[in-house]
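Below: one structure, written as structure tokens.
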Amino acid sequence: MAQHLKPLPECVVASMTLRELGVHIDAPIGWAPACLALVTTVHAVRPGVRIHLNVVGTSIKLETEGGIVVVGDSGVDPQMSAWFTVDRTIALTCEACGRPGRRRTEPVGVRCDACAYLATAPTATGLPFTPRLPLLDETIQAAQSLSARNTPGRFAVIPTGWARLVNSTLRDMPTPELADTVTFTVTDETVSLAFDDEAFPPSPQLLALNERLEANARVHCRRCSRRMITDPGDPIHSTICPGCRWVESRGWEVVHADTI
């Protein structure tokens, strides 16, 4: 049975409001807040209108009937402008739960990383990671590549967001043999080469690579890999970006698809 994260409260409220407004809608609950914003604009410029909203692929089709237009012709169609805004919004919004998402081919649609994982899990399972901003393609590829190299558990588990940084460090090792034997130390603040005076002594080239790795880790989110603009020396600086912290702060619960 399919699972996903429980929709955010604002999605549930927006869905109920759309029904109370008499909107005929066939769209996922995660997109309800965006659809409500569109309906609000359409009602403002065309009171009395009957609205139909339907999903076409990963877009929303707006159909209107009746009502009266109360906005003069200024050369800009408020309805179309609102529709373009909503279309861009839903392309970044998980259709199942309303959290930040991305377009996907497996499963087809717009989903956050958590809902995409749950939808494709072979059996009912919990979520093995904290909900986060969607991973970028290059981050997914880097994590997969690093996982293949880290066998059998050669070094500590590298946070997904730092996989690309570690991969580039391995790529720039002085020799392939060294890249196949080096290990790493991971903390909440950074990831470093695990030097050993005998087995893995530091050299000027390795120290420079380590300095680059540590510096980059401090300014890239360890969950999603996005670069942050906060100063690493700031007391409130975190290696989890504001977006991922916001997603986590909303809480989450795994539910079956038929419970909503």
Side-chain angles (χ1 to χ4, degrees), residues 92 99-102 104-106 112-114 116-117 120-121 125-249:
L92 300 170
R99 293 168 177 82
R102 54 173 287 181
R104 301 173 188 272
T105 56
E106 182 59 35
C112 64
D113 283 2
Y117 171 85
T120 56
T125 181
L127 192 64
F129 56 87
T130 301
R132 63 196 175 207
L133 294 183
L135 297 180
L136 304 173
D137 286 337
E138 55 266 31
T139 302
I140 296 173
Q141 294 166 4
Q144 293 171 341
S145 173
L146 191 62
S147 177
R149 300 187 70 161
N150 190 21
T151 55
R154 179 158 61 92
F155 44 78
V157 175
I158 305 297
T160 303
W162 289 343
R164 185 168 51 87
L165 307 178
V166 170
N167 266 348
S168 65
T169 301
L170 292 173
R171 179 199 63 204
D172 295 338
M173 281 287 153
T175 66
E177 293 76 19
L178 194 56
D180 289 336
T181 58
V182 67
T183 61
F184 296 87
T185 300
V186 178
T187 68
D188 287 343
E189 301 303 321
T190 192
V191 56
S192 310
L193 289 169
F195 290 114
D196 184 295
D197 289 339
E198 293 184 4
F200 183 44
S203 67
Q205 184 177 1
L206 291 176
L207 287 172
L209 279 175
N210 187 60
E211 183 179 355
R212 184 188 73 180
L213 174 62
E214 290 183 343
N216 279 325
R218 290 190 181 98
V219 295
H220 285 83
C221 177
R222 68 174 184 261
R223 290 185 181 168
C224 74
S225 83
R226 288 170 175 81
R227 186 177 179 86
M228 298 174 287
I229 60 174
T230 53
D231 183 354
D234 193 315
I236 65 171
H237 176 76
S238 169
T239 51
I240 302 176
C241 73
C244 287
R245 294 203 304 271
W246 178 84
V247 173
E248 180 181 8
S249 73

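We use all heavy atoms of the structure for the numbers below, so side chains are in, but hydrogens, waters and symmetry mates are not.
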* Pair D113-R99, salt bridge (charged side-chain N to carboxylate O under 4.0 Å, His left out): steps then yes or no -> CA-CA 9 Å; D113 283 2; R99 293 168 177 82; over 6 Å; no
Side chains of [X] and [Y]: does their closest heavy-atom pair fall under 4.5 Å?
| X | Y | result |
| --- | --- | --- |
| L146 | I158 | yes |
| V157 | V186 | no |
| F184 | L193 | yes |
| R218 | M228 | no |
| L136 | I140 | no |

I need the minimum non-hydrogen distance between [X] and [Y], along with the two atoms involved.
| X | Y | answer |
| --- | --- | --- |
| W246 | P100 | CZ3-CD, 3.9 Å |
| G126 | Y117 | O-CE2, 3.7 Å |
| L207 | P202 | CD2-CB, 3.8 Å |

Pairwise distance [atom1]([X]) to [atom2]([Y]) - rounded to 0.5 angstrom:
| X | Y | atom1 | atom2 | result |
| --- | --- | --- | --- | --- |
| R222 | C241 | CZ | SG | 10.5 Å |
| L165 | T169 | CG | OG1 | 7.0 Å |
| C224 | R226 | SG | CZ | 4.5 Å |
| R104 | C112 | CZ | SG | 7.5 Å |
| R245 | L133 | CZ | CG | 11.0 Å |

* Asked: Hey, mind stepping through L170 and V166 against side-chain contact (heavy atoms from CB on, under 4.5 Å) and telling me if it holds?
  -> CA-CA 6 Å; L170 292 173; V166 170; 4.3 Å; yes
* Can you name the residues that form a side chain to side chain donor-acceptor pair (under 3.5 Å) with T139, not counting sequence neighbours? ->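 T139: side chain to side chain donor-acceptor pair (under 3.5 Å) contacts with S225.
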* Partner residues of D188 under the side chain to side chain donor-acceptor pair (under 3.5 Å) criterion, sequence neighbours left out ->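 Expected list: none.
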Residue list, side-chain contact (heavy atoms from CB on, under 4.5 Å) with [X], at least two apart or on another chain:
| X | answer |
| --- | --- |
| A142 | A163, R164, N167 |
| E189 | T187, T239 |
| T185 | A194 |

* Asked: Are side-chain N/O atoms of S192 and E214 paired as donor and acceptor at under 3.5 Å?
  ->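 Yes, side-chain donor-acceptor contact under 3.5 Å.
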* If you draw a 6.0 Å radius around CD in E211, do more than 12 non-hydrogen atoms from other residues or ligands fall strictly inside? ->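 No - once you tally the heavy atoms of other residues, nucleotides and ligands closer than 6.0 Å, there are 12 at most.
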Check for a donor-acceptor pair, side chain of [X] on one end and backbone N or O of [Y] on the other, with a separation under 3.5 Å.
| X | Y | value |
| --- | --- | --- |
| R132 | V247 | no |
| T120 | A116 | yes |
| R102 | L135 | yes |
| W162 | H220 | yes |

Taking only distance into account, with no hydrogens and no angle test, what donor-acceptor pairs under 3.5 Å do side-chain atoms of residues 171-182 form with protein atoms, sequence neighbours excluded?
unit_1, atom_1, unit_2, atom_2, d
D172, OD2, R212, NH1, 3.0
D172, OD2, R212, NH2, 2.9
T175, OG1, L178, N, 3.1
T181, OG1, E177, O, 3.2
T181, OG1, L178, O, 3.2

